[in-house]
Amino acid sequence: MEHMNGDQYGDGYMEPEEEWEREGLLDPAWEKQQKKTFTAWCNSHLRKAGTAIDNIEEDFRNGLKLMLLLEVISGETLPKPDRGKMRFHKIANVNKALDFIASKGVKLVSIGAEEIVDGNLKMTLGMIWTIILRFAIQDISVEEMTAKEGLLLWCQRKTAPYKNVNVQNFHLSFKDGLAFCALIHRHRPDLIDYNKLSKDNPLQNLNTAFDVAEKYLDIPRMLDPEDLINTPKPDERAVMTYVSCYYHAFQGAQQVNLHLSNMTNTAMPDERAIMTYVSSYYHCFSGAQKAETAANRICKVLKVNQENERLMEEYERLASDLLEWIRRTMPWLQSRQTDNSLSGCQKKLEEYRTYRRKHKPPRVEQKAKLETNFNTLQTKLRLSNRPAYMPTEGKMVSDIANAWKGLETSEKAFEEWLLAEMMRLERLEHLAQKFKNKADIQEEWTQGKEEMLQSADFRQCKLNELKALKKKHEAFESDLAAHQDRVEQIAAIAQELNTLEYHDSISVNARCQRICDQWDRLGNLTQKRRQALDDAEKILEKIDILHLEFAKRAAPFNNWLDGTKEDLVDMFIVHTMEEILGLLEAQRSFKVTLSEADKEYNSIVNLVREVETTVQKYQIPGGLENPYTTLTADVLTRKWSEVRTLVPQRDNILQAELKKQQNNETLRHQFADKANQVGPWIERQMDAVTAIGMGLQGSLEDQLHRLREYEQGVYAYKPHIEELEKIHQAVQEGMIFENRYTQYTMETLRVGWEQLLTSINRNINEVENQILTRDSKGITQEQLNEFRTSFNHFDKNRTGRLAPDEFKSCLVSLGYSIGKDRQGEIDFQRILAVVDPNNTGFVHFDAFLDFMTRESTDTDTAEQVIDSFRILAADKPYILPDELRRELPPDQAEYCIQRMPPYKGPNATPGALDYMSFSTALYGESDL
């Protein structure tokens, strides 16, 4: 039995949803309520051993009272506990208790001895709840259900007869107190007058139940009424615990002396506490279980017998009703009477469909229900050891099946006869309706056709409209031929209706005759209209050909007139005699073509006159309108007249322009003659000045003298330039932009004149600087010539400057040593920084001469100047203003005093000056 309960426990109430999680959260109100409830429950058992606990989380830490509790509630002896006070002794005792619980088939998930020894309240409450489930609730067994389900079922059965009590759970179902009162009243009706209780007064109900249970049933007051009422969902475990005490109390078990303190202001009471309390109810009231079981067995047998009798009566009633319905229906299905009309047959068919759709389906369900009930009845009788049921005579299942089969056979025969009769009548009605439909279609199609064929609408049409009417008529002819089959079908149907002696054959024949007569008239009118359309088409085609010919010839002629008019009034700009002579020649050639144009004009106008004659003859409306062009003979006549007027006007304009170009030609000759003199003279002067600037002709003084002479000659030649400017002004005023008689323009001559003056001034300045350099550095004329010769040799383009590579080659040619290694490149870059400080990428002759002069002569350096100042300063690192005034001329002394920075070194006297920085600044980076 214990093993069975262990399996039941493991597979039932303690599912994963009830497993105690180590880190799980417990509602604070429930935690407080469970602590009080579980403490009282434990004390109710520990008092048997003459002891109790005050604090559930502290008193079980050493494991001694926990082991004692398990011995009391199980009636078994646990291993001897360790009496030491060390932590490992306590853990050993708790482990012995936990091992005992596990041996009862209980899974202890996440509950360890360390948590109990450490006073973990959540783990301790979880362990106590596990013990309550195993030893107080698990042994509750109702119809082989789990403990919780069995206890809930016990409550439901005990409270079922009571009004306003519906136990579905262990929380909300007990809030109004009526469930507790009902459990007590069911087993001890002498303790509570249930009829005086009200669902609207839960506080009174709860107090009544708790007071009676505590006073008469020895069940402690575990739950607080106010707390249950004010809590949205009371704790299920507390209620179960309390109800289990009821269960055990009524079984004669030990009453639980459990007292729950006030649970006021608790948001949700502890479920375990309430479950514990409700379980007390179960244990208290289950003492009457045997009598109730016997009564239930008798009720069950009687109920089965009553149900069987009800099924028998229902079968008899259903069978009688179904057979009676079949008997009433058969004569109607076997009848073959009809009024010989399609509408009558259709009405009878609709009645049959109504029968199949509305009347028979309920009977089909009735038959199925009859068979189902019969089979169910026989099965129940067999299972309950009762004899099989035998219906009354004529109501056997086979009798019903035979009657039903005869019904279905009559239905099939009735339906086949009805459909055949309808097909026969429908054929006759179909022919009559078919004749009517085709006749309606034919008459509708022919409506208005005779008036259309007799119409003369084509006489007011243009050619394209007439062709459209002709196409339309051709389509009508095709349509007419296509309707020939319908007319023949109408006649054939009328003949068949006559053969079948249709009741309205007279009207059918009269209508057929009208349709055939009209068909013959339409054929004759169709031929006449086609001939009239052909005649009208020939006349309109002739007019159309004339219109098309006019459009083909008028369009290019009109374009020629527009282009000619545009050319005659076009503004032209000419700059040469050739251009104006070309325009005059074009004008002459144009006038030669005027006679041919006049012939084309007359030919085009004659086409229009021929159209007018034809239209007037045949009275064709709109025939004068040309569909191919918007041009008219009047437009061409007006434009032709304008062209003939513009021709002499164009002749006068061209003659005036000819005179203007002849005058411009004279100005070109004047400018070209003067420019051809001035331009070569400027070029010769430029060459001469350039040759002097190359330094190859005489000494520097001679070169300077000759440049001065050229300068005077250039200024003396300026009147020629001014005269040329006056002629150029006249050329511009005459809008002359080209002159084939000279290659010079005023702009190029101005630039050449300015370049000549600039070249003379630059060369004069360069020669003067060379003389100054020669005199200050003490170089000879031969050295200067050598430098110039080398520079000119590498200045291939005579630009007066050298590229870096050309400059390096020039230095090498003068004997300057520049290595080809990395150090040589560094030295060359230092030289370039001196001769090209602005990094332009070129070395001019002045910089080249200055560099070569310094390289060829003894020059002063910053170190030499510093040594000289040191002598004047008596070897001091600074010099005083008085010393400068004493040793140097006044102007030079003041120059140094104003520009020397103050000395900032050690031991400086007031007014001391830094001659070293001053000397270095004089030379900058000029020293190599």
Side-chain angles (χ1 to χ4, degrees), residues 682-707 710 751-752 754-859 924-928:
I682 292 176
E683 293 171 357
R684 290 195 298 272
Q685 300 303 311
M686 284 290 294
D687 294 339
V689 170
T690 302
I692 294 173
M694 297 297 291
L696 302 177
Q697 300 178 359
S699 65
L700 293 177
E701 287 76 4
D702 293 339
Q703 296 175 19
L704 181 60
H705 177 70
R706 294 184 62 190
L707 288 172
Y710 274 106
V751 173
E754 293 170 358
Q755 289 178 349
L756 176 60
L757 293 176
T758 302
S759 178
I760 292 173
N761 292 331
R762 185 178 67 251
N763 281 284
I764 290 175
N765 180 260
E766 289 178 358
V767 172
E768 289 176 345
N769 290 335
Q770 292 174 20
I771 293 173
L772 180 61
T773 301
R774 181 195 66 188
D775 295 342
S776 63
K777 301 298 182 178
I779 61 178
T780 63
Q781 183 66 38
E782 288 76 11
Q783 287 177 313
L784 281 175
N785 291 340
E786 181 181 5
F787 294 157
R788 169 58 77 176
T789 301
S790 297
F791 187 88
N792 291 342
H793 174 74
F794 290 99
D795 185 14
K796 304 295 184 181
N797 299 327
R798 298 295 184 264
T799 59
R801 61 186 184 182
L802 298 178
D805 293 341
E806 295 174 341
F807 174 62
K808 181 186 287 188
S809 300
C810 183
L811 291 178
V812 173
S813 69
L814 292 172
Y816 196 89
S817 176
I818 299 176
K820 295 183 179 181
D821 55 1
R822 184 172 179 275
Q823 185 60 42
E825 182 62 24
I826 294 174
D827 294 340
F828 179 67
Q829 292 299 325
R830 292 179 58 202
I831 295 173
L832 279 180
V834 174
V835 298
D836 185 18
N838 295 326
N839 196 24
T840 62
F842 295 99
V843 179
H844 294 270
F845 181 73
D846 290 344
F848 171 75
L849 179 62
D850 182 67
F851 171 76
M852 294 306 301
T853 300
R854 282 185 290 168
E855 290 294 311
S856 302
T857 60
D858 184 18
T859 60
E925 297 181 358
S926 61
D927 58 313
L928 300 176

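Here, residue 1 is the first one in the sequence, and each next residue gets the next number.
For N765, the side chain to side chain donor-acceptor pair (under 3.5 Å) partners at least two apart in sequence or on another chain are N769. Under the side-chain contact (heavy atoms from CB on, under 4.5 Å) criterion, E683 pairs with Y744, sequence neighbours left out. Every residue meeting the side-chain contact (heavy atoms from CB on, under 4.5 Å) condition with L757, not counting sequence neighbours, appears here in chain and number order: V714, Y715, W753.
Of the candidates Q829, R822, Q823, Q829 is the only one forming a side chain to side chain contact (heavy atoms under 4.5 Å, CB included) with E825.
Interatomic distance, M686 CE to T758 OG1, rounded to the nearest 0.5 Å: 8.5 Å. For the atom pair CD1 (I826) and CD1 (I831), the distance works out to 12.5 Å, reported to the nearest 0.5 Å. To the nearest 0.5 angstrom, N761 atom CG is 9.5 Å from L756 atom CG.
Between L802 and C810, the shortest heavy-atom contact is CD1-CB, 4.2 Å. Contact between Q685 and Y710 at its shortest, heavy atoms only, is OE1-CD2, 3.0 Å. For P804 against F828, the heavy-atom pair with the smallest separation is O-CZ, 3.3 Å.
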Review point. Should N763 and S759 be marked as a side-chain hydrogen bond (donor to acceptor under 3.5 Å, both in side chains) after you check the CA-CA gap, both sets of side-chain angles, and the distance that decides it?
Key: CA-CA 6 Å; N763 281 284; S759 178; 3.2 Å; yes
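The backbone N or O of G841 sits less than 3.5 Å from a side-chain atom of D836, completing a donor-acceptor pair.
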